[in-house]
Amino acid sequence: RPLFATIGDITLRNIIYSSNDKMMMQSSSMACTGWNVSSSLNDKLRLLMLNEPSLTTLRVPATESVGTENLRMIVTSLKANTHVKEVCFRGGSLSMDLMVTLAYSLRSNTTVTKLSFEHVTLMGARHLFEALRDNHSIEELSLVHNDLEETSTDALASLLNDHDSLTKLTMKHNYAGNALGGTHCLQQVELQKCWGCASAIQEMMKQNRTIKQLYLIHSEVDARKLFEQLKHDTVLEELVVTGTAFTSDAAASLATLLRETRTLQKLRFWGTRLGDPHLQTISQGLEYNKSITELRIIQNRIGCVGASALATALLSNTTIQELDLSDNNIGDDGANDLLDLMKRNARVESLTVRGNKQMDKAIAGEIMFYAKLNKTLKVSGRDAIRDVSLPYSLWPSVLDRVKMDPTLLNFVVRQRPEVFGGR
């Protein structure tokens with residue numbers, strides 16, 4: 001390749017060499033944080049090829065927007081680049097030969113930590129996964145709409161089993177197969193609209209020693225078997241499940257898991273068609289749970305019966321701080337029980353009920369008020385309001401928490417008028 005290779009209509013003759021032989025570029029002071037079509041392609045290419053420190057993120061559009069030769073320069077330059085940390089190839093940017101070139105570059109690159117691909121071919125994926133086994137800087141890998149089959153997922157499984165720095169894996173619209181059979185360092189896994197992965201998820205969690213966050217978004221999941229497996233897990237802290245219909249067996253398994261887990265802290269269900277009967281079952285486990293701090297049950301067809309069962313269970317719960325029941329079918333009876341919960345359990349500092357169209361707005365407003373009160377005063381402050389034996393000398397610390405909010409201050413004064421001379 002000639003020394004003064006053409007980049008679009010600009011040549012490397014525009015580079016200025018300083019007296020100490022360090023390459024300087026006229027536009028090197030340009031603030032550059034990413035790649036988009038509106039930015040100057042020529043400037044970005046020069047920044048990359050000159051290893052300019054200001055260029056830390058590359059978001060490469062489709063081939064027709066960039067051009068094959070420019071893409072070749074990009075993937076070749078990554079080999080020696082020491083400043084780019086995040087690379088995203090969108091819209092099927094890379095052909096097979098470019099994937100091979102990129103794989104070669106990534107074997108030597110030591111600074112890229114985040115890598116994302118869309119529409120990678122089967123053989124391209126194999127080259128990528130095999131190359132990443134020699135790379136020790138990649139921490140996050142995202143695969144979207146890629147042509148993965150059993151042979152390529154085998155290569156991914158081998159990568160995940162051996163890699164010593166990869167901690168986050170995201171797969172969207174992909175066949176997952178046996179890719180998740182063994183994981184060495186993964187801490188977060190997100191599967192969105194993936195298929196062929198139900199048994200692999202169970203196997204992954206069976207061997208889990210590192211995964212703390214698991215997001216299953218509209219993916220193929222056997223909820224009952226997953227919950228059964230998680231009963232033996234001592235690492236997972238956050239579980240998100242959306243779009244997977246619950247069965248009575250799955251609800252029973254989850255109730256048992258909630259009784260036994262000591263590590264699971266955040267639990268979120270969206271659109272799982274939970275319904276009142278299954279929530280009643282799950283609530284029996286929540287009553288005795290000692291670890292969950294955040295519970296979100298959104299768009300799950302929850303009515304008054306389910307809300308009342310949950311409220312009753314949480315009267316005894318001492319860990320849940322955030323509760324989200326948005327976009328369900330909770331009416332006034334269930335809302336009143338939730339309001340009673342907020343009055344009696346000061347540990348619940350956030351309760352969201354928006355989108356429950358059958359709920360009286362006044363009750364919803366009271367729920368929000370008590371959530372704000374709980375968050376402001378904390379448990380000690382709420383207990384102080386109730387405790388008639390609290391020494392007057394301790395009241396200033398209670399009032400200091402609410403003095404900036406007239407509504408909360410007025411509430412506290414009305415609860416204990418004798419403290420403020422209203423005997």
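Just so you know, these numbers use all the heavy atoms, side chains as well, and skip hydrogens, waters and symmetry mates.
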Problem - Check ion pair Arg72-Asp97 (N to O, under 4.0 angstrom) - result: yes
Handout entry: Pairs flagged by side-chain hydrogen bond (donor to acceptor under 3.5 Å, both in side chains) wherever residues 347-364 is involved - sequence neighbours left out
Key = Glu349-Lys378
Practice task
Mind telling me whether Phe117 and Phe89 have parallel, tilted or perpendicular rings, with 30° and 60° as the class edges?
Solution key: parallel
Exercise for the section: State, yes or no, whether a side-chain contact exists between Thr110 and His136 at a heavy-atom distance under 4.5 Å. Expected result: no
Completion exercise
In this structure, CG of Asn146 is separated from CD of Glu118 (nearest 0.5 Å) by 8.0 Å
Handout entry: Ionic contact status for Glu190 with Lys168, cut-off 4.0 Å
Key = no
Practice task
Using atom types as modelled and distance alone, determine if a side-chain donor or acceptor of Ser108 lies under 3.5 Å from a backbone N or O of Lys79.
Solution key: no
Handout entry: Any donor-acceptor pair under 3.5 Å from His163 side chain to Asn135 backbone
Key = yes
Handout entry: Over 12 non-hydrogen atoms of neighbours within 6.0 angstrom of NZ in Lys206
Key = no
Exercise for the section: With side-chain hydrogen bond (donor to acceptor under 3.5 Å, both in side chains) as the test, would you mind laying out the steps for Thr247 and Arg224 before giving the verdict? Expected result: CA-CA 8 Å; Thr247 64; Arg224 182 188 66 81; over 6 Å; no
Exercise for the section: Let me see the working for Val235 and Ile211 under side chain to side chain contact (heavy atoms under 4.5 Å, CB included), right down to the final yes or no. Expected result: CA-CA 7 Å; Val235 179; Ile211 298 174; 5.7 Å; no
Handout entry: Check: Leu239 and Phe227 side chains under 4.5 Å, non-hydrogen atoms
Key = yes
Problem - Beyond-backbone contact of Thr312 with Asp337, side-chain heavy atoms, under 4.5 angstrom - result: no
Problem - Under 3.5 Å donor-acceptor, Asn161 side chain and Leu159 backbone - result: no
Practice task
Would you indicate whether Arg301, at its atom CZ, is surrounded by more than 12 heavy atoms from other residues, nucleotides or ligands within a distance under 6.0 Å?
Solution key: no
Handout entry: Whether Asp340 side chain and Asn336 backbone form a donor-acceptor pair below 3.5 Å
Key = no
Handout entry: Check: Thr293 side chain, Thr319 main-chain N or O, donor-acceptor pair, under 3.5 Å
Key = no
Handout entry: Value rounded to 0.5 Å, distance of CG in Asp233 from CG in Asn208
Key = 4.5 Å
Problem - Sidechain N-carboxylate O distance under 4.0 Å for Arg46, Glu52 - result: no
Completion exercise
side-chain contact (heavy atoms from CB on, under 4.5 Å) with Leu310: of Ile302, Asp276, Ile282, Leu323, only one passes, and it is Leu323
Practice task
Measure the shortest side-chain to side-chain distance between His83 and Asn51 over non-hydrogen atoms and say whether it is less than 4.5 angstrom.
Solution key: yes
Exercise for the section: State whether the number of non-hydrogen atoms from other residues, nucleotides or ligands found under 6.0 Å of Tyr215 atom OH is greater than 12. Expected result: yes
Practice task
May I ask you to decide if Met342's main-chain N or O and Asn374's side chain share a donor-acceptor pair within less than 3.5 Å?
Solution key: yes
Problem - Side-chain heavy atoms of Ser248 within contact of Thr281, under 4.5 Å - result: no
Handout entry: Ser283 side-chain N/O to Leu279 backbone N/O, donor-acceptor pair under 3.5 Å
Key = yes
Fill in the blank from the handout: To the nearest 0.5 Å, atom CD1 of Ile367 lies from atom NZ of Lys343 at 10.0 Å
Exercise for the section: Decide yes or no for Lys266 and Arg296: does some side-chain heavy atom of the first lie under 4.5 Å from some side-chain heavy atom of the second? Expected result: no
Practice task
Hey, can you tell me if His119 and His145 have their rings parallel, tilted or perpendicular (30° and 60° cut-offs)?
Solution key: parallel
Problem - Stepwise side chain to side chain contact (heavy atoms under 4.5 Å, CB included) test for Arg262 and Thr234 - result: CA-CA 7 Å; Arg262 293 295 180 268; Thr234 59; over 6 Å; no
Exercise for the section: Start with the C-alpha distance between Leu191 and Val221, add both sets of side-chain angles, then the distance that settles side chain to side chain contact (heavy atoms under 4.5 Å, CB included), and finish with yes or no. Expected result: CA-CA 10 Å; Leu191 301 178; Val221 179; over 6 Å; no
Handout entry: Side-chain (Asp327) to main-chain (Ile298) donor-acceptor, under 3.5 angstrom
Key = no
Exercise for the section: Nearest 0.5 Å please: distance from the CD atom of Glu139 over to the OG1 atom of Thr113. Expected result: 5.0 Å
Practice task
Report the C-alpha distance between Val87 and Leu102 in whole Å, list the side-chain angles of each, state the deciding distance to 0.1 Å, and finish with yes or no for side chain to side chain contact (heavy atoms under 4.5 Å, CB included).
Solution key: CA-CA 11 Å; Val87 181; Leu102 176 63; over 6 Å; no
Practice task
Calculate, to the nearest 0.5 Å, the distance between atoms CG and CG belonging to Asn109 and Asp134 respectively.
Solution key: 13.0 Å
Exercise for the section: Indicate yes or no for a side-chain donor-acceptor contact from Thr376 to the backbone of Lys372 under 3.5 Å, with no hydrogens or angles considered. Expected result: yes
Practice task
Would you mind telling me which of Leu78, Asn81, Val112 makes a side-chain contact (heavy atoms from CB on, under 4.5 Å) with Leu58?
Solution key: Leu78
Exercise for the section: Report yes or no: does Thr263 contribute a side-chain atom to a donor-acceptor pair with the main-chain N or O of Glu237 at less than 3.5 Å? Expected result: no
Practice task
Kindly indicate whether the side chain of Leu214, heavy atoms from C-beta on, has any atom under 4.5 Å from the side chain of Leu230.
Solution key: no
Handout entry: Met171 and its side-chain contact (heavy atoms from CB on, under 4.5 Å) partner, picked from Ser142, Cys194, Ser219
Key = Cys194
Practice task
Please round to the nearest 0.5 Å and tell me the distance separating atom CG of Leu132 and atom CD1 of Ile138.
Solution key: 6.0 Å
Completion exercise
Heavy atoms of Leu143 and Leu156 approach each other most closely as CD1-CD2, 4.1 Å
Practice task
Taking the side chain as every heavy atom from C-beta outward, state whether His232 and Met205 have any pair of such atoms under 4.5 Å apart.
Solution key: no
